[in-house]
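Predicted model only: the values in this text are computed from it and were never measured. We use all heavy atoms of the structure for the numbers below, so side chains are in, but hydrogens, waters and symmetry mates are not. Residues take their numbers from the sequence shown, with the count starting at 1.
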Amino acid sequence: PPPPPPAAAARPASLGGGFRNMGNTCYINAVLSAVLGLRPFVRDLLTAPLFTQLSPKLPNLSVFRSLYDLSSRRAKTAAAAAASGGGTSGPTRPLKEAIAQRCSQFAGGGQQDAHEFLVDMIDALHEELLAASAAVAADEITPPLGAAAPLPPPPPEASLPTALNFSCEVEHVLRCTRCSHEWTRPELLRDVQLDLPPAAGGAAAAPASVDRMLESFFAEEPLEVACEKCGHNAARVRHRVSRLPRVLVLQLKRFEYGAFGVRKRTDAVRCTPTVDLGFCCKPEVQPPPPLTAAPMPTPSPAAASAAAGS
C-alpha cells in the first residue's frame, strides 16, 4: 500500500492567507504569495533594527513600509487562516501605489506582467533601503541636534534583505578573437531570463527543460566589443557565477516579437525539483548567505502600527 501522507504537524506552518483582489491585481497577489512565502526574506525584512533605523528616513508611502505591513499582517493571520482554511493578509493598494510612483505602468487598473512587477518591486525596495542607509550615514557625520548618544552605523548594503536573498553575481569573461587577451566584466543579476528553444516544425518535440535553458543562457557566445589591448572589435564571451543567491529567480520568456506582432508561446516546460549550477560556477564561487536558525521575528506593536499607518 502507498505510504500514509505526512502528518499535518510535520508540515511547515502557514505564513498567512491570500490577498484581496482589487480588480485586475492577480499579478500582485501571485508575486506577494511567492515572495512573502520565502521565510528567509520575510525574516530579514522584519528584523527590528532595520525598521528602527531606516523607517524614519523613508516616505510614508514606500515599498518597504508596505511590505513590512503586509508581512506583519500575514504573520498575525497565519494561525487564524490555518484554523479557518482561508483568510486575507491585508490590503495591497499601498504597495501598488508606492511602486506606481516609480513605474507609472502600474498606476492604472489594467492587467500587468507579474515578473515585471516582481523585478520592479525588488529594485524599488533595494533603492529605498540604500537611500535610507545613506541618510542614516549622513546623520552619523552630522548628528541631529539633541542626540544623546552616538548613532549606530547604518546596515551595509550586503545585509539588506534584497541583497541577502536575490543578488547573484556573474562574471563575463571576454577573450579577443585576434590577440587572445582576456578581461572580465562583473554583473549583478536579480533574475535570469531564459529563452525557449526554437519552435519545432511538424512533429511534436519533447518538452524543453529548465536545465537545458540554463545551459543555453550560460553558453559561450560571440560579442561585438573593442578589445582592451589591441582594439579588435570581436570577442568570445563566457559567463560564470561568482556568487550564488539564496533565491534564484527564473523567467521563461514566452513572448516573441516579430513581423507577426506579439505571440505567446505555450510550449510545455519540464521542471525538476533541483537544478545543478555546478557547470556555470567559478571553482571558488561564493555560496549563498547562510540561513539563520532563529525563529521568525514578531514585529513590535509600535512598528507594525507605524507601517500600517503609512
Side-chain angles (χ1 to χ4, degrees), residues 31 34-35 38 40-41 44 63 99 102-103 113-131 133-134 155-197 209-257 275-290:
V31 167
V35 171
L38 300 171
F41 174 74
D44 296 332
V63 175
I99 295 179
R102 163 192 166 103
C103 307
D113 183 80
H115 180 74
E116 290 182 8
F117 185 82
L118 168 65
V119 172
D120 287 331
M121 182 182 75
I122 295 174
D123 286 346
L125 175 61
H126 190 79
E127 290 177 12
E128 279 186 4
L129 296 179
L130 270 185
S133 295
E157 181 177 0
S159 72
L160 298 179
T162 44
L164 286 171
N165 292 277
F166 298 107
S167 292
C168 176
E169 291 183 5
V170 175
E171 287 186 358
H172 305 289
V173 183
L174 299 95
R175 183 174 184 271
C176 177
T177 58
R178 173 184 288 173
C179 70
S180 299
H181 171 67
E182 286 193 351
W183 68 103
T184 301
R185 291 181 178 176
E187 182 181 9
L188 178 67
L189 300 179
R190 292 202 179 97
D191 67 329
V192 174
Q193 301 184 8
L194 302 179
D195 290 309
L196 291 168
S209 71
V210 170
D211 303 73
R212 294 292 176 266
M213 285 188 280
L214 276 168
E215 290 176 5
S216 177
F217 179 87
F218 285 100
E220 183 175 316
E221 57 187 334
L223 183 67
E224 185 175 329
V225 61
C227 174
E228 293 181 341
K229 185 176 180 180
C230 72
H232 183 57
N233 204 35
R236 302 284 299 180
V237 59
R238 63 183 188 274
H239 321 277
R240 54 189 188 179
V241 177
S242 57
R243 180 163 70 91
L244 289 163
R246 283 179 181 167
V247 181
L248 181 65
V249 178
L250 303 178
Q251 180 205 11
L252 303 184
K253 297 167 64 176
R254 289 190 175 274
F255 288 97
E256 293 182 337
Y257 303 86
V275 173
D276 186 355
L277 298 179
F279 73 94
C280 62
C281 290
K282 294 177 60 177
E284 64 277 16
V285 63
Q286 183 179 341

Intermediate values then yes/no, side chain to side chain contact (heavy atoms under 4.5 Å, CB included), Glu187 and Glu169: CA-CA 6 Å; Glu187 182 181 9; Glu169 291 183 5; over 6 Å; no
Residue pair Val285 / Ser242, side-chain heavy-atom distance below 4.5 Å: no
Over all atoms of both residues, closest heavy-atom pair of Ser133 and Pro155: OG-O, 3.6 Å
salt_bridge(Glu221, Arg236) N-O dist < 4.0 Å: no
Partner residues of Gln286 under the side chain to side chain donor-acceptor pair (under 3.5 Å) criterion, sequence neighbours left out: none
Chi angles and distances behind the side chain to side chain contact (heavy atoms under 4.5 Å, CB included) call for Arg175, His181: CA-CA 6 Å; Arg175 183 174 184 271; His181 171 67; over 6 Å; no
Which atom pairs, donor and acceptor, lie under 3.5 Å between side-chain atoms of residues 114-123 and protein residues at least two apart or in another chain?
| unit_1 | atom_1 | unit_2 | atom_2 | d |
| --- | --- | --- | --- | --- |
| His115 | NE2 | Asp191 | OD2 | 2.7 |
| Glu116 | OE1 | Gln105 | NE2 | 2.9 |
| Asp123 | OD1 | Arg190 | NH1 | 2.8 |

Ala234 backbone acceptor or donor facing Thr177 side chain under 3.5 Å: yes
Over 12 non-hydrogen atoms of neighbours within 6.0 angstrom of CZ in Arg212: no
Side-chain heavy-atom pair Ser216, Pro197 within 4.5 angstrom cut-off: no
Check ion pair Glu182-Arg238 (N to O, under 4.0 angstrom): yes
Criterion side chain to side chain contact (heavy atoms under 4.5 Å, CB included) on Phe41 and Val247, from CA distance to verdict: CA-CA 9 Å; Phe41 174 74; Val247 181; over 6 Å; no
Student check: side-chain heavy atoms of Arg240 and Cys280 closer than 4.5 Å: no
Lys229: side chain to side chain donor-acceptor pair (under 3.5 Å) partners, not counting sequence neighbours: none
Plane angle bin for Tyr257 and Phe255 - parallel if under 30°, tilted between 30 and 60°, otherwise perpendicular: tilted
Val237 side chain near His239 side chain, heavy-atom distance below 4.5 Å: yes
For a quick test of your reading: what N or O donor-acceptor pairs under 3.5 Å do the side chains of residues 157-168 make, sequence neighbours left out?
| unit_1 | atom_1 | unit_2 | atom_2 | d |
| --- | --- | --- | --- | --- |
| Glu157 | OE2 | His126 | NE2 | 2.9 |
| Ser159 | OG | Pro156 | O | 2.8 |
| Thr162 | OG1 | His126 | ND1 | 2.5 |
| Asn165 | OD1 | Arg246 | NH1 | 3.2 |
| Asn165 | ND2 | Asp44 | OD2 | 3.0 |
| Asn165 | ND2 | Pro161 | O | 2.8 |

Derivation and outcome, side chain to side chain contact (heavy atoms under 4.5 Å, CB included), residues Val225 and Leu174: CA-CA 9 Å; Val225 61; Leu174 299 95; 3.6 Å; yes
With Asn233 via side chain to side chain donor-acceptor pair (under 3.5 Å) - residues at least two apart: Glu224
More than 12 heavy atoms of other groups within 6.0 Å of Arg243 CZ: yes
Pairs involving residues 210-238, ordered by first then second residue, that meet ring-ring contact (aromatic ring centres under 6.0 Å, His included) (sequence neighbours left out): none
